[in-house]
2 protein chains.
Amino acid sequence: MYRSQVQCDTCSNNLCLIKKSLISDEDKRLSQQKVNLNCKKGQQFIMEGTPVSGLFFIYKGKAKVLKTGIYGKEQILRLVKNGETIGHRGFGTKKKYGISSVALEDSILCNFSNETLELMMKKIPKLTYELMLFYADELNRSETKVKTLAQMTVREKVIDALLFIHRKFGTNHKGCINIQLSRQEIADYSGTTVEQVIRTISSLKSEGLLTCVGKTISINNQGQLKNEISEHNFYLDQ
Amino acid sequence: MYRSQVQCDTCSNNLCLIKKSLISDEDKRLSQQKVNLNCKKGQQFIMEGTPVSGLFFIYKGKAKVLKTGIYGKEQILRLVKNGETIGHRGFGTKKKYGISSVALEDSILCNFSNETLELMMKKIPKLTYELMLFYADELNRSETKVKTLAQMTVREKVIDALLFIHRKFGTNHKGCINIQLSRQEIADYSGTTVEQVIRTISSLKSEGLLTCVGKTISINNQGQLKNEISEHNFYLDQ
DNA sequence: CGCCTATTTGAACCGGGTCAAGCATTGTGG
DNA sequence: CCACAATGCTTGACCCGGTTCAAATAGGCG
């Protein structure tokens with residue numbers, strides 16, 4: 001995990017909450033107090049239970065956000081990519097991270113310390129507002145996930161997970177989803193076991209709904225897959 | 001659902017985000033644009049999928065926040081009491097409620113319209129900040145619930161639910177939990193079925209860990225119950 | 001009192017988690 | 001560059017927890 005400096009000014013992640021909120025030159029000067037981290041695939045940069053050290057943003061790369069449960073069983077809560085935010089609430093009462101985060105590929109992170117962030121929020125109301133919208137949005141997603149886990153069958157959960165990563169990470173020119181997850185990771189996201197994920201994917205393959213070679217998956221019939229879980233998604237698009 | 005006017009000035013809910021954020025006289029004047037609603041037990045005051053009409057606060061009473069799933073199966077996401085907030089993100093991009101909310105007893109609500117709220121947030125940075133903290137906190141809770149639902153057994157989920165309502169709503173002088181939930185509602189919160197809730201409660205009764213008469217429950221051995229689910233709750237207290 | 005709903009208990013069934021074994025793929029060191 | 005270990009993927013078989021169905025009982029309310 002070595003360091004290098006990326007400038008918000010020249011950053012291409014226009015959806016980044018910080019970038020979006022920097023208006024005055026003073027704002028931009030403040031933003032330079034951030035620290036950049038290079039993080040290799042598989043590396044854990046947030047550990048549940050350790051003291052909060054500010055907010056992270058993905059400058060480039062992908063990561064998973066998870067909670068570790070009983071007997072080390074992981075529950076993946078979110079998947080994040082360029083421009084997105086990690087590190088729930090590094091200020092206020094909570095002093096410890098409630099989640100862990102691990103890089104899914106070699107990534108570059110931006111880290112704003114608690115102090116810098118508080119300073120920035122005081123000076124930049126728009127940033128506080130953007131953060132609020134971010135958390136509200138995440139809350140919506142999380143609550144949808146609660147329902148999903150409680151009510152869907154395994155097949156539906158796996159389909160939901162595959163459609164989600166398809167939507168979130170997009171596809172390359174061959175139609176393959178732009179992220180490589182292990183079967184275990186898909187299981188950890190879906191809230192089931194590796195074997196069930198494999199069985200479901202096998203079925204979907206033999207039904208012609210998707211194609212996959214190793215970890216590379218492409219969805220053939222998005223419509224029908226969506227249809228299978230449509231009863232669960234009346235009002236939300238995740 | 002008839003109307004009457006409660007003043008923030010004289011309100012006793014000191015934890016209310018609005019109340020906490022009102023500093024200047026102008027702030028207080030703004031807060032008078034809210035509307036009060038009287039709501040009977042069982043009445044639904046937010047319906048999933050309908051246009052957002054601002055943020056609600058419980059002035060007095062209790063309510064459940066839920067999502068309706070396939071075949072009408074409910075998933076209760078939160079339980080709220082005096083001073084607490086309902087109505088996720090009535091501003092920004094989302095135009096429809098992603099949740100429903102129903103009064104659990106006769107309640108008085110405060111409702112701030114989208115316009116009033118936006119005006120207030122612009123004028124009162126502390127309010128935006130408080131809202132952000134609120135959503136961040138809720139996100140933590142929700143993500144813990146995701147793990148809970150995905151990893152706990154039915155018995156553990158029911159215990160978790162009972163300990164939660166015990167903690168949240170407290171007990172009266174006889175040690176009985178200050179809220180009356182149907183078995184169905186406990187099931188909807190725990191993410192299981194009525195029968196399982198009943199079976200679990202029966203077991204816990206015969207093990208002497210709790211006592212109950214009808215919907216009135218009191219917990220006898222909180223320590224042992226906590227102990228049963230301790231492996232799942234290393235870092236969070238909900 | 002009688003209807004309706006909520007609660008409780010028993011029994012049957014089944015989805016999905018667990019275990020085990022074989023195969024494929026990747027990686028590492030000689 | 002190959003051999004072999006380690007890890008990940010896949011499939012089949014089994015079994016258990018939990019949902020579903022049914023029926024009986026208790027409780028609430030006009």
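Numbered from 1 within each chain, the chains take letters A, B, ... in sequence-line order.
Aromatic ring centroids of B/Phe112 and B/Phe56 lie 6.0 Å or more apart.
When rounded to the nearest whole Å, the span between CD of A/Gln196 and C1' of D/dC9 equals 15 Å. Between the P atom of D/dT10 and the CD atom of A/Gln184 lies a distance of 13 Å, rounded to the nearest Å. Distance, A/Lys41 NZ to D/dG8 C1': 12 Å, rounded to whole Å. Following rounding to the nearest Å, A/Met152 (CE) and C/dG15 (C1') show an atom-to-atom distance of 17 Å. For the pair A/Leu149 CG and C/dG16 C1', the computed distance is 15 Å after rounding to whole Å. Atom CD in A/Gln151 sits roughly 16 Å away from atom C1' in D/dT20 (whole-Å rounding). The CG atom of B/Asp188 sits 11 Å away from the P atom of C/dT7 (whole-angstrom rounding). The CD atom of B/Glu185 sits 14 Å away from the C1' atom of C/dT7 (whole-angstrom rounding).
Nucleic acid contact class of A/Lys215 (heavy atoms, under 4.0 Å, all strands): sugar-phosphate only.
If you check the side chains of A/Ser53 and A/Asn111, you find no donor sitting under 3.5 Å from an acceptor.
Rounded to the nearest 0.5 angstrom, A/Ile58 CD1 and A/Lys60 NZ are separated by 11.0 Å. For the atom pair OG1 (B/Thr193) and CZ (B/Arg183), the distance works out to 13.5 Å, reported to the nearest 0.5 Å.
Ion pairing of A/Glu84 with A/Lys81 is absent here, as no side-chain N (NZ or NE/NH1/NH2) approaches a carboxylate O to less than 4.0 Å. By the 4.0 Å N-to-carboxylate-O rule, B/Lys67 lies too far from B/Glu74 to be salt-bridged with it. The pair A/Glu143-B/Arg78 does not meet the salt-bridge criterion, since no charged nitrogen lies less than 4.0 angstrom from a carboxylate oxygen.
Between A/Thr193 and C/dG17, a side-chain N or O to OP1/OP2 separation shorter than 4.0 Å is present. Dashed line: the shortest gap from a side-chain N or O of B/Thr153 to OP1 or OP2 of D/dG17 is not under 4.0 Å.
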Take nucleotides 8-14 of chain C nucleotide by nucleotide from the 5' end and write B, S or -, depending on whether a protein heavy atom sits under 4.0 Å from the base, only from the sugar-phosphate, or from neither. BBBB---
